Protein chains: 2
Amino acid sequence: MARWDPGARQRLQTAALELYVRQGFEQTTVEEIAQSVGLTERTFFRHFADKREVLFDGQDMLQQAFLDGVRAAPPSASPLEMVAEALAASAEFFADERRPWSRQRHAVITANPALRERELLKSASLAAAVAAALRARGVADRAAVLAAETGVAVFSVAFAEWIAEDEHRSLAEVEREVLEELKALAA
Amino acid sequence: MARWDPGARQRLQTAALELYVRQGFEQTTVEEIAQSVGLTERTFFRHFADKREVLFDGQDMLQQAFLDGVRAAPPSASPLEMVAEALAASAEFFADERRPWSRQRHAVITANPALRERELLKSASLAAAVAAALRARGVADRAAVLAAETGVAVFSVAFAEWIAEDEHRSLAEVEREVLEELKALAA
DNA sequence: GTCTATAGTGCGATAGAC
DNA sequence: GTCTATCGCACTATAGAC
């Protein structure tokens with residue numbers, strides 16, 4: 001194991017998920033994760049702020065996709081149409097090959113309250129960022145927040161369906177369906 | 001300080017909020033809180049699972065109000081109308097006298113990511129409970145989750161406006177307004 | 001890279017309330 | 001006597017400081 005292997009971050013992530021799956025999150029120590037890839041505890045904390053953060057690394061890119069989606073919407077789009085664009089953009093992140101991995105990660109997270117808390121914080125940050133992007137496109141403050149929260153809720157519901165056992169539709173498809181159902185509910 | 005004082009839990013809560021306000025959440029140790037009311041760290045953890053939980057004690061009663069609201073809705077009510085009932089019921093919890101206290105508590109929570117995480121977990125639990133109540137009233141699974149999440153989002157937005165500096169309307173009033181805006185957005 | 005503070009747990013002892 | 005809140009002590013792991 002090379003000492004300055006540049007893949008340290010990646011290796012720590014992979015090892016952490018595997019250990020969390022095998023033994024549970026709380027039963028796994030940071031020292032254990034680090035040693036399993038030939039590094040020290042200290043190095044782990046140089047890469048990740050805490051023991052949970054290691055599972056939430058791609059989050060920035062997902063958020064970027066959402067924001068790009070909002071910005072790409074036509075000038076005439078309503079707030080909810082901008083959100084629909086953002087959802088479509090987000091779906092490109094989750095190709096069918098990622099389904100098994102997403103399932104595994106999701107199982108670990110939902111099994112542990114501490115990990116659920118972190119996930120919820122990430123979702124809230126995402127919603128706040130989307131709201132800011134909507135505001136930047138001229139949407140009023142309160143409407144921006146509501147539309148953003150709604151969008152993230154639709155994403156969560158769609159994502160949960162997408163990783164269900166017998167599901168085969170694409171995430172984009174499920175998202176569209178869920179969004180339609182939301183509109184129907186509010187009507 | 002009588003060892004057997006039955007108000008231990010309440011005293012710990014009050015002392016914790018005061019210290020969190022004065023010195024910040026992270027700068028306050030559990031030992032400090034406990035000693036300030038003549039108890040030990042060990043006793044604190046008998047009453048509260050962790051250092052954050054001490055700020056989230058009334059949550060069960062708020063959730064109960066939501067659930068009672070859902071159950072009190074007329075048989076003909078749509079999912080969103082049931083949610084509107086739940087919101088109205090929730091507003092009774094926050095009389096005008098509680099506004100200053102709510103402001104203070106909210107300031108402490110928003111200032112600290114760890115506390116925000118816990119608050120988000122509580123909101124998610126609330127949404128899950130509301131969804132279950134809607135399902136119990138015959139609402140389909142996905143619609144129940146969407147309506148519940150929407151309701152909690154409306155509550156959060158309304159609550160944030162209610163505790164704003166120059167705000168004087170009742171929470172129930174703000175909630176109705178926010179819900180109307182949501183409907184307009186989805187239309 | 002070591003050293004330390006703090007969160008949180010487990011278990012056994014104690015001191016009242018009844 | 002029982003029951004239960006409180007305490008004391010020893011311990012691990014996280015996380016941050018030096």
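We name chains A, B, ... by the order of the sequence lines, and we start the count at 1 in each one. Bear in mind the structure is a predicted one, so any value in this text is a computation, not a measurement.
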key: Residue pairs passing the side chain to side chain donor-acceptor pair (under 3.5 Å) test where at least one lies in residues 52-62 of chain B, sequence neighbours excluded   = A/Glu117-B/Arg52, B/Arg9-B/Asp57, B/Gln13-B/Asp57, B/Glu53-B/Arg118, B/Glu53-B/Lys122

query = Which ring pair (Phe, Tyr, Trp, His ring centres under 6.0 Å) pairs, counting each pair once, include a residue from residues 130-152 of chain A, with sequence neighbours left out?
reply = none

note = Taking five pairs at each terminus, the helix from C/dG1-D/dC18 to C/dC18-D/dG1 shows an axis bend, to 10°, of 20°

Qualifying side chain to side chain donor-acceptor pair (under 3.5 Å) pairs with a residue from residues 37-46 of chain B, counting only residues at least two apart or across chains = B/Thr40-B/Thr43

inquiry  = D/dA5, OP1 or OP2 - any side-chain N/O from B/His47 closer than 4.0 Å?
reply    = no

ask   = B/Arg11 has an atom CZ; how far is it from atom C1' of D/dA5, in whole Å?
value = 12 Å

inquiry  = Using whole Å, what does the distance between atom C1' of nucleotide C/dA7 and atom CD of A/Glu117 come to?
reply    = 14 Å

ask   = Counting only heavy atoms not in A/Arg103, do more than 12 sit closer than 6.0 Å to its CZ atom?
value = yes

inquiry  = Looking at A/Glu85 and A/Arg71, is there a salt bridge between them, counting it only when a charged N and a carboxylate O are closer than 4.0 Å?
reply    = no

key: Non-neighbouring partners of A/Phe56 that pass ring pair (Phe, Tyr, Trp, His ring centres under 6.0 Å), sequence neighbours left out   = none

request  = May I have the distance from B/Gln27 (atom CD) to C/dA5 (atom P), rounded to whole angstrom?
outcome  = 16 Å

message = Taking the side chain as everything from C-beta on, heavy atoms only, tell me whether A/Phe159 gets closer than 4.5 Å to A/Val174.
response = no

inquiry  = Side chains of B/Lys51 and B/Tyr20, heavy atoms from C-beta outward: is any pair under 4.5 Å?
reply    = yes

Between the protein and nucleotides 13-18 of chain D, which nitrogen or oxygen pairs are less than 3.5 angstrom apart?
unit_1: D/dT14; atom_1: OP1; unit_2: A/Val30; atom_2: N; d: 3.1
unit_1: D/dA15; atom_1: OP2; unit_2: A/Lys51; atom_2: N; d: 3.1
unit_1: D/dA17; atom_1: N6; unit_2: A/Arg42; atom_2: NE; d: 3.1

